[in-house]
Amino acid sequence: MSVPLPLIHSPLKPGQQQIHLDPRAYDRGLVCVHCGLCLPACPTYTETLQESDSPRGRIQIMLGLTDGAIDMTPGIQNHLDLCLDCRACETACPSGVIYHELIEDFRHHNPSPNEITLQGRLMRWIFFNIFTHRSRLKWAVLPARLMQKTGIYALLRKTGLFKLLPQRLAKMEQMLPAHGRLWPRELPEFLHARRLDDSADQSNASTSPQPNSRPIKRVGFFVGCVGSVMYDEVNRKAVELLAAAGCDVVTDARQVCCGAIHNHNGATPTAHQLARHNIDTFLPLSGPQVDLIATNIAGCGAMLREYDFLFRDDPAYAQRAKDFASRVRDISEVLLEVGLPPMNHPIEQTVTYHDACHLAHAQKVTNAPRQLLAMIPGIKIKPLYECDMCCGAAGTYNLTQPEMATELAERKLKYIGQTKAGICAAGNVGCAMHIQSEADRRGQPIDVVHPVDLLHQAVFGPGK
Ligand code: SF4
Ligand code: SF4
């Protein structure tokens, strides 16, 4: 049971909108000393050059609205809606303002009226009822995949018919990866898929980790919803790399969505429900537990790492959530820790690396993927200017704010182009889908891949 806290709200003037904020989130804003060091790190500020589209400006807006000093208007709402929640401002801030707690709590208590439009409601329904359910998403994508395989999809794209769709649906269509399995593999088809409460003896001896001098880590693999449907091959490769590195990998099919989409779109009770389910799956009260929980999706990893924050007011789950969050790692951290298998297949390619916001700014993971990529024989790494500036994907942002998302992708692609690299690695499926789809639309030749793709190729060979 969560302990209800009093919310700060403004003394209402006639006709004024009631604004609520958790006092702890309000206090986050008070830490801001207005130095402005976050401004050049903020993607929306660097695009519009408006103070109200900067972290400092938004903090003052949220505090002012809560104090009742300013009124909510459609213009002010747009400045808040335009925030990507990318958390680059947190990395830049010398005062330690934890901005995301402020904006997320504000959005939770004060949903944007822009989301109450018919298109907004349809998008929310799709986010909550399709995107976050692996099996439903597979069915939803199947017709498009069938058309892709038969060539009908390419023909339809050429006719420009998809451009007649409402803007957000058109953007969704544009993001469908060009390649993918007709029917993505379910978890039990993975090499090491099994439930956590299966006896370890039942695992197939031929797929068990190789004995070595290090203690074997039991790694729970978190597959993600969109990731496991759009990029199921990346999940398979990640599991194979972990197993080859000597881990005992468990990909328990009872796991559910991490809850990030719900949490960032004001559906916090559902996020709690999903999080409880995942905690019970990976850390059952009786029976074996996992040592680490690995994922190759930065957005999911960031959310899983924040389960302790999510349950801070829930005495029944607070400690278990803290325990769960302390075990979450990005795949790159686990592979670096356990040690990669020998890489006998050189990759003679020039590669650049884009930092996914939820990896670099939320999880503070920047070195591990670079270190792993640098170990691949033959590879040439080219640094990317503004490598940790958001590409515009930001979860569902590219669907709800397509104009800003496209501007940011174009900027990212400009700098990727300057590296002359043929491959851009990014540790988040959302970034990969967004950057690749915008590159394809512009006709810019670049392959956006997950670092796991390259590591797997270096270990097992191309096409494996
Ligand atoms: S979260 Fe990102 S977009 Fe929002 S204010 Fe911070 S830097 Fe700007
Ligand atoms: S860097 Fe931090 S303290 Fe400075 S203006 Fe931005 S949020 Fe405020």
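Just so you know, ligand 1 is whichever comes first in the structure, and atom 1 is the first atom listed for that ligand.
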List the steps and the verdict of side chain to side chain contact (heavy atoms under 4.5 Å, CB included) for Asp280 and Arg320. CA-CA 9 Å; Asp280 293 343; Arg320 300 191 69 218; 2.8 Å; yes
Could you list which atoms of ligand 1 come closer than 4.0 Å to a heavy atom of [X]?
X     : answer
Leu84 : 3 (S), 4 (Fe)
Asp85 : 1 (S), 4 (Fe)
Tyr99 : 1 (S), 4 (Fe), 5 (S), 6 (Fe)

Which ligand 2 atoms are under 4.0 Å away from a heavy-atom of Ser95? 3 (S)
Per-atom contacts, ligand 2 versus Arg56 - under 4.0 Å to a heavy atom: 5 (S)
Consider only side-chain N and O atoms of Asp440 and Gln436, and report whether a donor and an acceptor are under 3.5 Å apart. yes
Answer with yes or no whether the side chains of His361 and Glu90 bring together a donor and an acceptor at under 3.5 Å. no
Does Asn110 use its side chain to pair, donor to acceptor, with the backbone of His20 at less than 3.5 Å? yes
Okay, side chain of Arg87, backbone of Leu84: is any donor-acceptor separation there less than 3.5 Å? no
Audit row: Thr48, Asp53, side chain to side chain donor-acceptor pair (under 3.5 Å) steps and yes/no: CA-CA 7 Å; Thr48 71; Asp53 290 328; 2.8 Å; yes
Would you call the rings of Phe324 and Tyr307 parallel, tilted or perpendicular if under 30° counts as parallel and over 60° as perpendicular? parallel
Contact between ligand 2 and Pro94 is defined here as a heavy atom of the residue under 4.0 Å from a ligand atom; is it met? yes
Any Gly36 heavy atom less than 4.0 Å to ligand 2: yes
For [atom], which protein heavy atom lies nearest, and how many Å away is it?
atom                    : value
atom 3 (S) of ligand 2  : Val33 N, 3.3 Å
atom 8 (Fe) of ligand 1 : Cys42 SG, 2.4 Å
atom 5 (S) of ligand 1  : Arg58 NH1, 3.2 Å
atom 2 (Fe) of ligand 1 : Cys86 SG, 2.4 Å
atom 6 (Fe) of ligand 2 : Cys38 SG, 2.3 Å

Report yes or no: is the cationic atom of Arg276 (NZ for Lys, CZ for Arg) closer than 6.0 Å to the six-membered ring centre of Tyr317, at no more than 45° off its axis? yes
Distance check below 2.8 Å: does Cys83 bring an N, O or S atom to atom 4 (Fe) of ligand 1? yes
Test log, rule side chain to side chain contact (heavy atoms under 4.5 Å, CB included), inputs Arg58 and Thr44: CA-CA 11 Å; Arg58 290 190 178 110; Thr44 55; 3.0 Å; yes
Nearest heavy atom to atom 1 (S) of ligand 2 wins, so pick from Cys89, Pro55, Cys35, Cys32. Cys35
